[in-house]
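Report on the following structure.
Every chain is numbered from 1, with letters handed out A, B, ... down the list of sequences. Basis for what follows: all heavy atoms, side chains included, without hydrogens, waters or symmetry-related copies.
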Amino acid sequence: MKRSDIAASVILIGLGGYVLVATRSYPDSLTPGAPGPGFFPALLAGLLVLFALALLLQALRSQGDGPAPTPFEWGPVVRWVIVFGAVAVFVFAAERTDFLLMLFPLLAVVMAVMGERQAKALVFAPALFVLFIYVVFARLFAVPFPTVL
Amino acid sequence: MPAFDLLLAGFQEALSPQNVLLIVLGTTVGVFVGAMPGLSSAVGLAIVLPFTFALPPAPAMLMMVSLYMAAMYGGSITAIAIGVPGAPPAVATTFDGYPLAKKGQAGLALSVSILSSVFGGIFGVIVLMLAFGPIARFALAFGPAEYFALGVFGLSVVANMVAENVIKGLISVVLGLLIFVVGLDVLSGYPRFTFGTAALLDGIDIIPALIGFFAIAEVLRLLHAPPKSVPSQGRIATQFPSLETLKGLVPSLLRGSTIGTVIGAVPGAGATIASLVAWNEERRFSKNPAEFGTGVLAGVSAPESANNSSVAAAMIPLLSLGIPGSASTAVLLGGLMFHGVNPGPLLVTEQPGLVYTIYAGFIVATVAMLVVGMVGIPLWTRIISLRPSILMPMVLGISLVGSYALAYRISDVWLALFFGGLGYVMLRFGFPLVPAVLGLVLGGMVETNYRRALAVSGGDHLTFVTHPISLVLLVLTALSFVIPFVRARVGAARLRRPRPVETPSEA
């Protein structure tokens with residue numbers, strides 16, 4: 001029994017159910033014979049539920065098959081949360097402060113999380129990258145980045 | 001204008017100083033992303049796409065196709081030098097390339113790899129030029145029913161071939177199609193799944209989705225098991241093969257290129273399958289099959305010519321029918337659409353200049369690949385030692401900048417981040433990303449033509465089987481599911497059948 005497939009199936013059946021319910025309130029088409037705006041998403045939702053049920057059945061039938069589950073590791077999850085969180089903070093702050101300046105700490109954090117330990121690299125690589133982006137995108141392509149300067 | 005004149009004009013455009021510079025840049029980036037384990041041509045195209053926003057369509061496409069072509073060769077550098085394929089299409093090159101390197105012939109293997117890549121690339125472009133016109137003319141007869149069936153066929157083949165588990169491939173396609181339906185319905189103008197957000201009324205922009213799925217998801221995926229730095233290689237000098245050696249490789253180059261072209265033109269099959277099949281066929285054709293895997297040059301030339309010929313071949317369905325068959329061609333389609341170019345049967349009549357510039361660009365790109373590849377052999381084998389802890393954050397940075405540069409909207413950066421997270425979760429749960437991306441890209445074609453066909457037929461679903469081309473495509477779609485299933489059943493039945501006891505005389 002593959003637990004991840006069972007979890008995925010349940011989530012997908014829930015998603016399909018939500019789409020089916022949501023499309024019930026969509027209007028009919030004004031063109032005779034042609035389906036309205038809700039028909040295609042409802043059809044897709046039906047297929048999603050069908051395939052998710054097939055996946056669920058497959059996962060339940062494959063009890064004991066496949067390799068033994070690997071023990072859960074916190075390390076990758078922590079790394080993922082830090083990077084995803086850092087990017088989310090960056091996007092939030094970049095709009096309100098300075099896009100390019102905010103890139104510097106973001107890159108340094110991601111480099112550190114990915115195992116970079118050399119202080120010089122942690123400073124110079126993000127700095128050079130931000131300079132490159134400034135020259136190419138801000139100056140050459142005239143992209144108007146949010147800025148406080 | 002006659003085709004020859006158009007091609008000549010295409011070469012004039014491709015050989016302008018600005019475009020040559022872009023092709024060399026694309027080639028250099030392509031070799032780099034191909035060589036670096038963890039990066040691929042699709043990731044490379046996704047991160048280069050923002051750099052093309054400021055360019056007209058032709059130079060943008062020249063930069064992207066040169067990157068796509070060069071990434072195939074780039075994969076062979078690490079495959080030969082350290083036995084680790086830089087990208088999946090170079091897996092078959094490790095079989096004989098690495099043993100050659102262990103014999104001290106890495107320089108020779110890399111030279112054969114680049115020459116084979118050039119041969120395969122030019123072979124593929126010639127087939128592309130010959131096949132594009134007839135296929136596009138044939139597709140002119142397509143109506144809504146045929147286009148719907150074509151879209152369904154493309155999606156089903158990709159779901160079947162890309163995914164290890166067909167059900168997951170299909171779910172991935174449906175998820176991509178569901179993402180497409182977000183926004184105003186093109187036929188009725190009714191908002192679907194916009195949750196009252198104005199930014200979603202225009203639908204999901206394909207480029208932030210591509211950047212998120214291919215670049216950001218890859219960075220997040222590597223957080224689980226960051227790739228180790230490639231150990232620094234000693235100096236590998238360029239070593240040209242003799243004319244005699246090259247002559248001996250011609251049959252393998254022809255076989256590899258033919259296999260690559262045929263397989264590359266099938267949506268979903270792609271360069272990896274092409275190169276593996278080419279290597280295997282080369283071994284079957286060889287007088288000394290046992291030598292394969294121990295370091296023979298034909299074991300390098302066949303897969304390398306195959307993966308490069310598949311690049312131009314993959315452009316056949318993309319340009320003539322608007323059907324991308326792989327992650328890389330999906331990004332190329334995103335680039336074309338951003339620049340207002342709609343691939344399909346009318347492309348060659350509406351924008352012949354662009355089509356012939358792409359042909360010429362492919363040929364110029366192969367020459368650039370030869371120069372950059374040959375001159376750079378000692379350099380590339382050192383550059384691949386760049387630490388992933390420095391490289392991958394830069395990929396993330398370019399992705400965020402590129403998403404913003406698309407339309408100067410921070411909402412696009414959020415969108416790219418969302419798709420990066422979604423792509424990562426899908427990969428963790430074993431769902432392939434390519435079918436989802438193709439679902440998103442082809443969603444418009446499938447839904448609009450489905451509804452148009454029904455509107456024309458007065459709601460009669462039989463319209464899809466009364467049109468012969470549509471019927472053939474739908475039958476092929478059904479077969480794409482039935483054949484692997486039957487083959488698996490037959491294989492399982494054979495395994496269960498008791499083997500006859502061998503008599504000494506039979507043995």
Side-chain angles (χ1 to χ4, degrees), chain A residues 4-5 7-8 12 15 19 22-23 26-27 29-41 44-45 47-48 51-52 54-55 58 76 79-80 83-84 87-88 90-91 94-95 99 103 106-108 110-111 113-116 121 125-126 129-130 133 136-137 140-146, chain B residues 50-51 53-54 165 167-168 170-171 174-175 177-178 181 185 187-193 216 219-220 222-226 387-390 392-394 396-398 400-402 404-405 408 410 413-414 417 420-421 424 428-431 443 446-447 450-452 454-460:
Chain A
S4 60
D5 282 357
L12 292 167
L15 176 67
V19 174
T23 50
Y26 285 13
S29 171
L30 295 174
T31 316
F39 182 81
F40 191 65
L44 293 174
L47 287 172
L48 188 64
F51 295 146
L55 185 66
Q58 194 182 56
R79 281 198 292 271
W80 194 92
V83 169
F84 203 80
V87 178
F90 160 78
V91 185
E95 190 180 19
F99 194 102
L103 257 183
L106 170 73
L107 294 178
V110 179
M111 282 174 66
V113 172
M114 291 199 90
E116 185 56 51
F129 179 81
V130 172
I133 294 295
V136 175
F137 282 89
L140 202 64
F141 296 167
V143 173
F145 289 108
Chain B
F51 290 92
F53 292 164
N165 181 335
I167 298 172
K168 288 187 174 179
L170 289 169
I171 289 174
V174 174
L175 284 175
L177 290 167
L178 274 173
V181 299
D185 172 30
L187 295 183
S188 67
Y190 190 81
R192 301 187 293 192
F193 306 104
I216 298 179
V219 175
L220 294 175
L222 290 177
L223 288 170
H224 265 264
R387 292 197 293 279
S389 58
I390 294 178
M392 296 317 284
M394 304 306 148
L396 180 69
I398 285 272
L400 299 171
V401 170
Y404 177 78
Y408 314 147
I410 216 79
V413 187
W414 282 116
L417 188 60
Y424 166 80
R428 291 294 299 167
F429 278 84
F431 292 91
V446 172
E447 184 188 10
Y450 175 69
R451 290 167 66 185
R452 276 190 188 140
L454 287 179
V456 171
S457 67
D460 184 6

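Between chain A and the residues B:Leu400, B:Ile216, B:Leu187, the largest count of heavy-atom pairs under 4.5 Å involves B:Leu400. Interface check for chain A: of the options B:Leu220, B:Val456, B:Leu454, the most heavy-atom pairs under 4.5 Å are formed by B:Leu220. Chain B forms the most heavy-atom pairs under 4.5 Å with one residue out of A:Ala7, A:Pro27, A:Ala45, A:Pro126, and that residue is A:Pro27. Of the listed residues (B:Ile171, B:Val181, B:Asp185), the greatest number of heavy-atom pairs within a distance under 4.5 Å of chain A belongs to B:Ile171. Highest contact tally toward chain B, considering only A:Ala88, A:Ala52, A:Ala54, A:Ala22, is held by A:Ala88 [criterion: heavy-atom pairs under 4.5 Å]. Ranking A:Gly115, A:Pro144, A:Ala94, A:Ala142 against chain B, the residue ahead of the rest is A:Pro144, based on heavy-atom pairs under 4.5 Å. Top candidate by heavy-atom pairs under 4.5 Å with chain A, chosen from B:Ser457, B:Pro50, B:Gly402, is B:Pro50. The candidate from A:Ser4, A:Pro76, A:Pro146, A:Pro37 with the greatest count of non-hydrogen atom pairs under 4.5 Å with chain B is A:Pro37. For the set A:Leu106, A:Leu103, A:Ile133, the count of heavy-atom pairs under 4.5 angstrom toward chain B peaks at A:Ile133.
Contacts between A:Val136 and chain B at a heavy-atom distance below 4.5 Å involve the side chain alone, from C-beta outward. Residue contact with chain A, scored on non-hydrogen atoms closer than 4.5 Å, involves the backbone and the side chain of B:Ala455 alike. Looking at A:Leu15, the atoms closer than 4.5 Å to chain B (heavy atoms on both sides) all sit in the side chain, from C-beta outward. In this structure, chain B has heavy atoms under 4.5 Å from both the backbone and the side chain of A:Leu107. Using a 4.5 Å cut-off between heavy atoms, A:Ala125 contacts chain B through both its backbone and its side chain. Both the backbone and the side chain of A:Phe145 have a heavy atom closer than 4.5 Å to some heavy atom of chain B. At a 4.5 Å heavy-atom cutoff, the contact between A:Ala8 and chain B is made by backbone and side-chain atoms alike. Heavy atoms closer than 4.5 Å to chain B are found in both the backbone and the side chain of A:Leu55.
Heavy atoms only, all atoms of each residue included: A:Met111 and B:Pro393 are closest at CG-CG, 3.4 Å. Here the closest non-hydrogen pair linking A:Gln58 and B:Ile167 is NE2-CD1, 3.7 Å. Residues A:Ala121 and B:Arg387 share a closest heavy-atom pair of CB-NH2, 3.8 Å.
Taking 4.5 Å as the limit, every side-chain heavy atom of B:Val413 sits out of range of all side-chain heavy atoms of A:Glu95. Contact annotation: the side chain of B:Leu175 never approaches that of A:Leu44 to less than 4.5 Å [non-hydrogen atoms, C-beta and beyond].
Here the straight-line distance linking atom CG of A:Leu12 with atom CZ of B:Phe429 works out to 9.0 Å at 0.5 Å rounding. Taking CE of B:Met392 as the reference point, atom CD of A:Glu116 lies at 14.0 Å (rounded to 0.5 Å). Within the model, atoms CG of B:Leu222 and CH2 of A:Trp80 stand 14.5 Å from one another, a figure rounded to the nearest 0.5 Å. A distance of 8.5 Å separates CZ of A:Phe129 from CG of B:Leu396, quoted to the nearest 0.5 Å. The CZ atom of A:Phe99 sits 7.5 Å away from atom OH of B:Tyr404, with the distance rounded to the nearest 0.5 Å. With rounding to the nearest 0.5 Å, the separation of CZ in B:Phe53 from CZ in A:Phe137 is 8.0 Å.
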*Could you please spell out the steps behind the side-chain contact (heavy atoms from CB on, under 4.5 Å) verdict for A:Leu47 and B:Leu177?*
CA-CA 11 Å; A:Leu47 287 172; B:Leu177 290 167; over 6 Å; no
*Please lay out, stage by stage, how A:Phe84 and B:Tyr424 fare under the test side-chain contact (heavy atoms from CB on, under 4.5 Å).*
CA-CA 11 Å; A:Phe84 203 80; B:Tyr424 166 80; over 6 Å; no
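Classification of the A:Tyr26-B:Phe193 ring pair by plane angle, with boundaries at 30° and 60°, yields tilted.
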